[in-house]
Amino acid sequence: MPELPEVETVRRGLEQLVIGKTIQSVSVYWDRMIEGGDKEKVAFELVGQTVEAIQRRGKFLIFRYTANDLISHLRMEGKYEFFPQETPPSKHTHVIFHFTDGSELHYQDVRKFGRFALVAKGKSAEYAGIAKLGPEPTNDQFLLGAFQQGLAKSKKAVKPLLLEQKLVTGLGNIYVDEALWQAKIHPERLACTLTTDESIALHQAIIDVLGKAVIAGGTTIRTYHNALGKAGTFQVALHAYGQQGKPCSRCGTLIVKTKVAQRGTHFCPNCQKVEG
DNA sequence: AATACTACCTGCGTGC
DNA sequence: TGCACGCAGGTAGTAT
């Protein structure tokens, strides 16, 4: 479900809801969700620990507890829902964090792709999934020179390269299509063939699109809601994703949908040409 | 080493 | 109505 803007929006909502709360117990209903296998140990370790902060790195959420960091990835469909009092799990509730004040944080995930990992306090950056991430998509961290070098070294199509999270983290299937549309680059262009002007435009488009989507509270297409139960509004600003059959807002040519590296891919065949 | 494909899951829409 | 199939804001593991 979520890309960086949605995860950041969830983080901000959770910050308002569970900072300062102490774990009474943790219920795990789907064992494979907990990495490392020992769900009993993870649940036991957290008892008595207090949520001190909630951070984000790429699309990973990091709950900073008293003695551990709990890493949470929502993958495709993970959601958090907060309840002020005891509430029974629904069909797709897989983890419940019970707090000492009687409130609960439920993790729900229809497809069960989401993952949790418990690491030592302050060690989340060493967790494999986080250690390999590229820079956050901001002007001060996402540097043009390194991005251009990364593009030049890859013979992959630019879209799947950007989805790897290595040159920059935070893009998923919606925002990569939006950034490529904004930069007028075809998703199948080989990364090493981008011109200097194109790489500059793409760099700026990535920062711009993700930044604006964070401000909008993310994109709600199907069922995404933040931790406070609110929908995002960026869907009204989409130019490519889900716009197949509609006129390109720049040139009027109909947006097409194809498949690139197994992912549904939307672009303007006039603005974004393969031969560049 | 770099690139490509598949597994992990469930539900929903489409077409026969 | 039923059923098969393709598709869905992602990543990690396994082939090639």
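Atoms considered below: every heavy atom in the structure, side chains included; atoms not considered: hydrogens, waters and symmetry mates. We name chains A, B, ... by the order of the sequence lines, and we start the count at 1 in each one.
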Practice item. Provide, to the nearest angstrom, the distance between the CG atom belonging to A:L163 and the P atom belonging to C:dT11. Key: 8 Å
Review point. With respect to the phosphate group of C:dC7, does any side-chain polar atom (N or O) of A:K259 fall under 4.0 Å of OP1 or OP2?
Key: yes
Exercise for review: Any pair with a residue in residues 165-186 of chain A that passes side-chain hydrogen bond (donor to acceptor under 3.5 Å, both in side chains), sequence neighbours left out, goes on the list, sorted by first then second residue, please.
Suggested key: A:E6-A:Y175, A:K159-A:N173, A:K159-A:D177, A:Q165-A:T169, A:Y175-A:T219, A:D177-A:H266, A:Q182-A:D208
Point to revise | Pair listing, salt bridge (charged side-chain N to carboxylate O under 4.0 Å, His left out) test, anchored in residues 253-268 of chain A, at least two apart | key: none
Review point. Has A:K153 got a side-chain N or O lying under 4.0 Å from the OP1 or OP2 atom of B:dA2?
Key: no
**Study point:** Whole-Å C1' distance, C:dT11 and B:dC12
**Key:** 23 Å
Point to revise | Connected-component partners of A:L254 among ILVMFWY, side-chain separation under 4.5 Å | key: none
Review point. Is any side-chain nitrogen or oxygen of A:R263 closer than 4.0 Å to OP1 or OP2 of C:dG10?
Key: yes
Check your understanding: Counting a pair only when it is Watson-Crick or G-U and both distances are under 3.5 Å, which runs of at least 3 such pairs involve DNA chain C?
Key -> B:2-8 with C:10-16, B:10-16 with C:2-8
Point to revise | Rounded P spacing from C:dG6 to B:dT6 in Å | key: 13 Å
Review point. Do the side-chain N or O atoms of A:K166 get closer than 4.0 angstrom to the phosphate oxygens (OP1, OP2) of B:dT3?
Key: no
Review point. When clusters are formed from ILVMFWY side-chain contacts under 4.5 Å, directly or step by step, what else is grouped with A:V214?
Key: A:L4
Revision key, fill the gap. Rounded to whole Å, CG of A:L171 lies from C1' of C:dT11 at a distance of 15 Å
Review point. Any side-chain N or O of A:K155 less than 4.0 Å from the OP1 or OP2 oxygen of B:dT3?
Key: no
Review point. When the ring planes of A:F147 and A:F142 are compared, do they come out parallel, tilted or perpendicular, using 30° and 60° as the limits?
Key: perpendicular
Exercise for review: Using a cut-off of 6.0 Å, state whether more than 12 heavy atoms not belonging to A:Y29 lie near its atom OH.
Suggested key: yes
Review point. If you look at every strand shown and take non-hydrogen atoms under 4.0 Å, does A:G114 touch a base, only sugar-phosphate, or nothing?
Key: nothing
Point to revise | Distance in angstrom units between A:K132 NZ and C:dG13 P, rounded | key: 7 Å
Review point. In the hydrophobic cluster built from side-chain contacts under 4.5 Å, what are the other members alongside A:L144?
Key: A:I200
Practice item. Starting from P on B:dA2, measure out to CG on A:L161 and report it in whole angstrom. Key: 12 Å
Check your understanding: For nucleotides 6-11 of chain B, read 5' to 3', which letter fits each nucleotide if B means a protein heavy atom sits under 4.0 Å from the base, S means only the sugar-phosphate is that close, and - means neither?
Key -> B-BBBS
Check your understanding: Going by side-chain heavy atoms closer than 4.5 Å, which hydrophobic residues are tied to A:F60, directly or by a chain of links?
Key -> A:I62, A:I71, A:V119, A:Y127, A:I130, A:L133
Check your understanding: What is the distance from CE of A:M33 to P of C:dG10, rounded to the nearest Å?
Key -> 16 Å
**Study point:** Set of side chain to side chain donor-acceptor pair (under 3.5 Å) partners for A:R56, sequence neighbours left out
**Key:** A:E8, A:E136
